[in-house]
2 protein chains.
Amino acid sequence: MKPATSLHEGLLVALRDFIVEGNLADGARVPERALCERFNISRTPLREALKVLAAEGLIELLPNRGARVRELSPEDIRELFDVMGGLEALAGRLACERISEAEFAEIERIHHDMYRFYLRRDMHGYFHCNQAIHQLIVAAAGNATLAATYAGLAGRIRRVRYSANLAKDRDRLGEAMREHEAILDALRRRAGPELSDILFLHLRNKLKAAQASTG
Amino acid sequence: MKPATSLHEGLLVALRDFIVEGNLADGARVPERALCERFNISRTPLREALKVLAAEGLIELLPNRGARVRELSPEDIRELFDVMGGLEALAGRLACERISEAEFAEIERIHHDMYRFYLRRDMHGYFHCNQAIHQLIVAAAGNATLAATYAGLAGRIRRVRYSANLAKDRDRLGEAMREHEAILDALRRRAGPELSDILFLHLRNKLKAAQASTG
DNA sequence: CTTCCAAAAAATGAATGCAAAATATCAGGC
DNA sequence: GCCTGATATTTTGCATTCATTTTTTGGAAG
């Protein structure tokens, strides 16, 4: 795809991953000097990258007091889920307008895989398929701006780990499977507005389950 | 509100406005040196600001070839309208859940103002009210993440001027008024999913009108 | 022992300097 | 007259440096 442009670009990706993967504690200072040594660069490109990450909402920059890993309050998480729900709702609507049979077949195939993982209680496989389906719907929308916006929000929330807790809730898992059935059905019928609704509520329920399990 | 923290923050706002207001031609190089003199700063903070603006999608950074004002293709504009439509749809849904009577009354008041401007064919007043209503719906959603995301996309598209062309289309204006009536009605009834739909289609129609008048 | 204040140390924000890459300029050949 | 290629200029990207602010440390007073 991209020929790995500049040092800056690579650094930005590396630094983003470094933070998203949780190498820094929530609310912790982002040590410029240590990161400079870690990535073998000087402070100038590092600080440029930090400014970008701050714009993305991953960290926050306090004047004269450096960067901190942004802590996500329950309210922040609620907001993020709703916005992602809105974007997925949009993705579903757009997907209904333009998805190809091949793309739909691919989603359906993964859905069936997911169902098998669900029956076997293979959580790793289940979540992998789940994520893949949502990703494919966004991709099927054929809107790069949407995909980029969605990816940005997804990156912010990736620091928070729900999987372990969510996986324990068997009721929620069954409910989620039924919701996914409905998603597939609406997509099959190319029922845009309906799918839009289902997807938003699906995200709402996901949030509710996460809230119930974590606090 | 904010006490204008660092030089960087102020510069970022100034530079963003400078570009959004169209001081640089579409696709034009962003001259670092000239801007340094323009804002009386050195290249370091300017380059940091450029990185952020690139992350926001307002400019694009070509490796070793500097920054260029990002040109919006018709496809880009279509994408932006759809995503903003999706976000407004979300805003409408959330607004139905939590809007106060006072907030609704304010929107209704501006709606009536807009209707008067419409009757008088006062385009400036009409567009001002129109923008205010959409802004208030987003605000009434009570979701800062949504508001920030929406503002980011709105900034990208602000460079493109449709108003002049749109204003000439009297049919579209009447149609838009009717759509706004429907928006108010759905909001009054707190009919979230319905409002969601209306808002998305409203944006779609806006795009269609813009496309019809410009190309 | 705790609290408060001052000085030292470290970190941040911005400017300058320098090597590499890109663009522009110009001479020579067709 | 126009195209090609080498050189000069400009510009970009990053490192280094400097001033300012913050944080830490040490010690004295209560």
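Chain letters run A, B, ... following the sequence lines, proteins first, then strands; residues in each count from 1.
The interatomic distance linking B:Arg33 (CZ) with C:dG17 (P) rounds to 11 Å, in whole Å. Note: CZ (B:Arg47) to P (D:dA15) measures 11 Å, nearest angstrom. With rounding to whole Å, A:Leu46 atom CG is found 15 Å from D:dG13 atom C1'. Going from atom CG of B:Leu12 over to atom P of C:dG13 covers 14 Å, rounded to whole Å. Taking atom CG on B:Leu11 and atom P on C:dA14, their separation rounds to 9 Å, with Å as the unit. Between B:Asn40 atom CG and C:dA14 atom C1' the separation is 14 Å, expressed in whole Å. Atoms CD1 (B:Ile41) and P (C:dT16) sit 12 Å apart, rounded to a whole Å. Rounded to a whole Å, the CD atom of A:Glu48 is 13 Å from the P atom of D:dT12.
When distances run from any side-chain atom of A:Pro45 to the nucleotides C:dA11, D:dT11, D:dA15, the shortest one goes to D:dA15. Closest to the B:Arg65 side chain, of the nucleotides C:dA15, C:dA22, C:dG13, is C:dA22. Minimum atom distance to the side chain of A:Asn64 is reached by C:dG13, of the listed C:dG13, C:dT16, C:dA22. Each of C:dA11, D:dT12, C:dT12 was ranked by its minimum atom distance to the side chain of A:Glu32; first place goes to C:dT12. The side chain of A:Arg43 lies closest to D:dT17, out of D:dT12, D:dT11, D:dT17.
Annotation: A:Arg65, atom CZ; neighbour count of heavy atoms from other residues, nucleotides and ligands within 6.0 Å does not exceed 12.
Cation-pi geometry between B:Arg190 and B:Phe104 is satisfied (NZ or CZ under 6.0 Å from the ring centre, within 45° of the ring normal).
The 5' end of DNA chain D is approached more closely, in terms of each residue's nearest nucleotide, by B:Arg29 than by the other of B:Thr44 and B:Arg29.
Classification of B:Arg93 and B:Asp197 as a salt-bridged pair fails, no side-chain N sitting under 4.0 Å from a carboxylate O.
Of the listed residues (A:Leu80, A:Asp76, A:Val83), just one forms a side chain to side chain contact (heavy atoms under 4.5 Å, CB included) with A:Arg156, and that residue is A:Leu80.
Between the side chains of A:Asp113 and A:His128, no donor-acceptor pair of N or O atoms lies under 3.5 Å.
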